[in-house]
Amino acid sequence: MADSRYSPVAEHGLIGDLRTTALVDSVGTIDWYCCPRFDAPSVFASILDADRGGSFELAADVRARTKQFYLPDSNVLITRFFSDEGLGEVQDFMPILDEPLEVNRHRLIRRVVCVRGSLPFRARVAPRFNYGRDAHTVRLEHDQAIFESPSLTLALTASVPMECDGPDVWSAFKLHEGECAVFALDRIGADVPPRTCPLMEAEQLLAATVSYWRHWLSASRYRGRWREMVHRSALTLKLLTYAPTGAIVAAPTASLPEQIGGERNWDYRYVWIRDAAFCVYALLRLGFTAEAAAFMNFLFDHVGACGNVASESLQIMYGIDGRSDLPEVELEHLEGHRGSSPVRIGNGAVGQLQLDIYGDLIDSVYLYDKWGQPISSDQWQGVAALVDWVCDHWDQPDEGIWETRGGRKYFLHSRLMCWVAIERAMRMANHRGLPADIPRWRKVRDGIYRQIMTRGWSPGRRAFAQALDGDVLDAAVLMMPLVKFISPTDPKWLLTLDALGEDLVSDSLVYRYDPEASPDGLRGEEGTFSICSFWYVEALTRAGRLDEARLAFEKMLTYANHLGLYAEEIGHDGEQKGNFPLAFTHLSLISAAFNLDRALG
């Protein structure tokens with residue numbers, strides 16, 4: 001039975017200021033917010049513990065039905081309340097500012113408007129600092145409430161009276177038609193003094209925020225059939241960007257479960273190298289060259305493709321500031337979303353060997369060199385060192401793309417992406433006349449190809465398998481035609497596509513693999529992976545099966561939430577599961593839409 005204390009994952013919208021984000025549920029509660037950046041400890045985390053996580057509630061204080069939507073072409077979120085007494089709405093946004101002091105304020109504005117009639121509203125602000133581990137004090141000063149903890153101080157400004165209730169602040173007020181109220185939550189400190197937020201200023205900041213997002217989106221070159229969904233995905237990816245470094249987080253949340261009550265709960269507030277090629281491809285295809293350049297600079301500056309000799313394997317993920325230390329910790333005092341424990345922060349997979357990331361990284365460099373800016377000589381030196389490392393280490397078992405915790409295997413996808421790493425580097429070297437040990441690279445590249453085509457093919461399944469000499473199917477092999485390893489109409493590939501369709505596809509939704517047939521070291525079931533579903537659309541498209549591809553794509557669009565957002569998985573009940581929203585899902589949606597549009601003509 002569903003726990004009424006928790007809103008489902010899909011019943012949320014996202015707002016942000018390019019440093020951090022907040023989740024707002026469909027009844028007006030902010031139940032996830034980290035300050036001052038994505039990977040900082042939470043201030044509100046009632047999505048992970050309804051009693052101890054903390055929240056910012058703001059809603060009509062009468063029986064009302066709600067509707068949530070974004071102002072068109074923006075990341076300004078509206079939660080509307082319909083009642084017999086009147087119609088009101090909460091406008092949630094975080095201004096995008098350039099002034100040094102104001103950038104560090106991370107202002108979160110909640111503007112309440114009575115559109116028709118009159119409505120009572122009630123607000124309750126209950127921060128729980130450092131994932132609920134730090135106590136805090138609260139005091140009222142004029143029209144501000146100051147919440148002070150050992151590591152963070154927040155100021156809440158309100159245009160309506162507030163009262164303290166223990167560690168919390170609440171307010172009850174009534175608005176008549178045309179009236180509005182404003183709540184503004186700011187980080188304050190020695191570098192950021194307190195300031196008020198008058199009604200007129202809030203209105204001006206709202207207009208400026210809408211203008212910022214619309215101006216940014218106007219650079220998009222996408223004019224295809226699914227413009228609304230593609231642009232919502234683009235706006236979401238921009239929200240997941242950490243502006244100071246250009247990093248793009250995998251998701252803004254931690255420990256949202258892949259199965260209610262299960263243990264597959266991970267912290268995704270970091271940068272995965274695996275996302276690199278998809279990020280660069282999607283951003284450049286849509287016309288967002290500045291964002292692609294910023295992300296490439298992050299990779300060159302922090303990941304290792306910048307002229308350093310590669311002496312050991314790359315990490316699979318990094319912090320948004322490029323740090324490599326991401327220790328995994330379980331927060332035993334939090335019960336987890338609807339009782340799904342443990343709640344984890346940090347990510348222990350950071351120490352895994354995943355050979356596929358070399359292909360993802362070097363493919364992103366290749367794409368940027370081709371469609372963005374030519375890479376520098378120092379950057380090429382770094383790429384060449386990485387390829388030499390791949391030539392020395394590709395033929396070993398690893399944890400693979402799915403970060404399994406059941407032991408290393410000889411995954412086909414890992415070898416496939418090692419082939420990509422070498423092949424893309426050879427293309428760059430040949431095109432630009434760059435120095436490279438081409439004979440050695442070609443020998444290793446061709447050796448990987450032959451191994452995949454012989455030991456990766458399962459005669460019994462008449463398909464390419466998850467691992468060498470195996471029979472288990474895995475949706476990761478959908479990447480084979482996408483990275484141009486095999487023709488999308490090759491007979492062996494078409495047999496594989498049919499086998500995947502029979503074993504792993506359910507009404508256009510794609511499971512990544514069968515955990516019973518291929519144990520991954522974790523208990524519990526999982527849903528279909530939305531990334532894989534969009535890969536399936538692309539594979540069908542490239543195979544020329546356009547009617548099937550379009551049907552599968554448009555079915556996938558119906559599984560988005562009411563705002564066009566996707567988590568990592570879709571459960572057996574059709575609900576979104578896992579961290580939310582997931583960058584990789586939205587990246588793969590953009591890629592599938594772009595290629596299907598082009599194929600349909």
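Distance CZ/Arg232 to CZ/Arg227: 13.0 Å, rounded to 0.5 Å. Of the inter-residue distances, the one linking Glu141 atom CD with Arg139 atom CZ reads 4.5 Å to the nearest 0.5 angstrom. Taken to the nearest 0.5 Å, the CD atom of Gln315 stands 6.5 Å off from the CG atom of Leu326. Going from atom CZ of Phe553 over to atom CZ of Arg225 covers 11.0 Å, rounded to the nearest 0.5 Å. Here the CZ atom belonging to Arg344 is positioned 12.5 Å from the CG atom belonging to Leu48, to the nearest 0.5 angstrom. Note that CG of Leu240 is 10.0 Å distant from CG of Leu18, once rounded to the nearest 0.5 Å.
Judged by distance alone, the side chain of Trp380 and the main-chain N or O of Met428 form no donor-acceptor pair under 3.5 Å. Between the Thr245 side chain and the Ile320 main chain, a donor and an acceptor come within less than 3.5 Å of each other. Distance alone, capped at 3.5 Å, places no donor-acceptor pair between the Arg105 side chain and the Pro194 backbone. Checked by atom type and distance alone, the side chain of Asn561 pairs as donor or acceptor with a backbone atom of His12 at under 3.5 Å. Looking only at distances, a side-chain donor or acceptor of Arg269 sits under 3.5 Å from a matching main-chain atom of Ala40. Side chain of Asp369 to backbone of Val365: no donor-acceptor contact under 3.5 angstrom is found. Without hydrogens or angle criteria, Asp25 side chain to Thr29 main chain gives a donor-acceptor distance under 3.5 Å. Looking at Thr253, its side chain does come within 3.5 Å of a backbone N or O of Phe580 through a donor-acceptor pair. Remark: side-chain polar atoms of Tyr70 are paired, donor with acceptor, to backbone N or O of Leu14 under 3.5 angstrom. In this structure, the side chain of Ser218 engages the main chain of His215 through a donor-acceptor pair within 3.5 Å.
When all heavy atoms of Asp92 and Ile15 are compared, the pair lying nearest together is O-CG2, 3.6 Å. Across all non-hydrogen atoms, the minimal contact from Ala251 to Leu582 is CB-CD1, 4.1 Å. Closest of all the heavy-atom pairs between Gln576 and Ala10 is CG-CB, 3.5 Å. Scanning both residues, Asp165 and Arg124, for their nearest heavy atoms gives OD2-NH2, 2.5 Å. Closest heavy-atom contact between Phe298 and Gly322: CE1-N, 3.8 Å. Of all non-hydrogen atoms in Ser171 and Val160, the two that sit nearest each other are OG-CG2, 3.4 Å.
A distance below 6.0 Å separates the ring centres of Tyr268 and Trp272.
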Exercise for review: Take Ile316 and Ile273 through the test side-chain contact (heavy atoms from CB on, under 4.5 Å) and record every step on the way to the result.
Suggested key: CA-CA 6 Å; Ile316 68 167; Ile273 293 180; 5.9 Å; no
Practice item. Would you please test Tyr281 and Ser591 for side-chain contact (heavy atoms from CB on, under 4.5 Å) and show each step? Key: CA-CA 8 Å; Tyr281 179 84; Ser591 181; 3.5 Å; yes
Review point. Under the ring pair (Phe, Tyr, Trp, His ring centres under 6.0 Å) criterion, do His136 and Phe129 qualify, and how do the steps go?
Key: CA-CA 7 Å; His136 70 274; Phe129 294 91; 5.3 Å; yes
Point to revise | Verdict with supporting geometry, Leu119 and Val112, side-chain contact (heavy atoms from CB on, under 4.5 Å) | key: CA-CA 11 Å; Leu119 275 179; Val112 191; over 6 Å; no
Exercise for review: Apply side-chain contact (heavy atoms from CB on, under 4.5 Å) to the pair Met296 and Val280, showing each step before the final yes or no.
Suggested key: CA-CA 8 Å; Met296 288 307 302; Val280 172; 3.5 Å; yes
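Each of Phe584, Phe534, Phe295, Phe594 was checked for a ring-ring contact (aromatic ring centres under 6.0 Å, His included) with Phe278, and the lone residue meeting it is Phe584. When each of Arg187, Arg107, Arg195 is paired with Glu102, the salt bridge (charged side-chain N to carboxylate O under 4.0 Å, His left out) condition holds for Arg195 and for no other.
Using a 3.5 Å distance cut-off with no hydrogens or angles, the side chains of Asp31 and Ser55 do not pair a donor with an acceptor. Side-chain contact check for Ser233 and His586: at least one donor-acceptor pair (N or O, by modelled atom type) lies under 3.5 Å. For the residue pair Tyr222 / Asp597, a side-chain donor-acceptor distance below 3.5 Å is found, with atom types taken as modelled. For Thr241 and Glu291, the side-chain atoms include no donor-acceptor pair closer than 3.5 Å. A donor-acceptor contact closer than 3.5 angstrom links the side chains of Ser220 and His231. A side-chain donor-acceptor contact under 3.5 Å links Thr79 and Gln68.
With respect to Arg323 and Asp325, no salt bridge is recorded, no charged nitrogen being found less than 4.0 Å from a carboxylate O. No salt bridge links Asp17 with Arg37; every basic N to acidic carboxylate O contact stays at or beyond 4.0 Å. Salt-bridge formation is not detected for the pair Asp73/Arg214: no Lys NZ or Arg NE/NH1/NH2 atom is positioned less than 4.0 Å from an Asp or Glu carboxylate oxygen.
Under the side-chain hydrogen bond (donor to acceptor under 3.5 Å, both in side chains) criterion, His337 pairs with no residue, sequence neighbours left out. Thr157 pairs by the side-chain hydrogen bond (donor to acceptor under 3.5 Å, both in side chains) definition with Gln144, not counting sequence neighbours.
Judged by the 6.0 Å distance and 45° axis criteria, Arg111 is not positioned over the aromatic ring of Phe93. Both the sub-6.0 Å distance and the 45° axial angle are satisfied by Arg285 relative to the ring of Trp371.
Remark: Glu201 CD is packed, more than 12 non-hydrogen atoms of other residues, nucleotides or ligands lying under 6.0 Å away.
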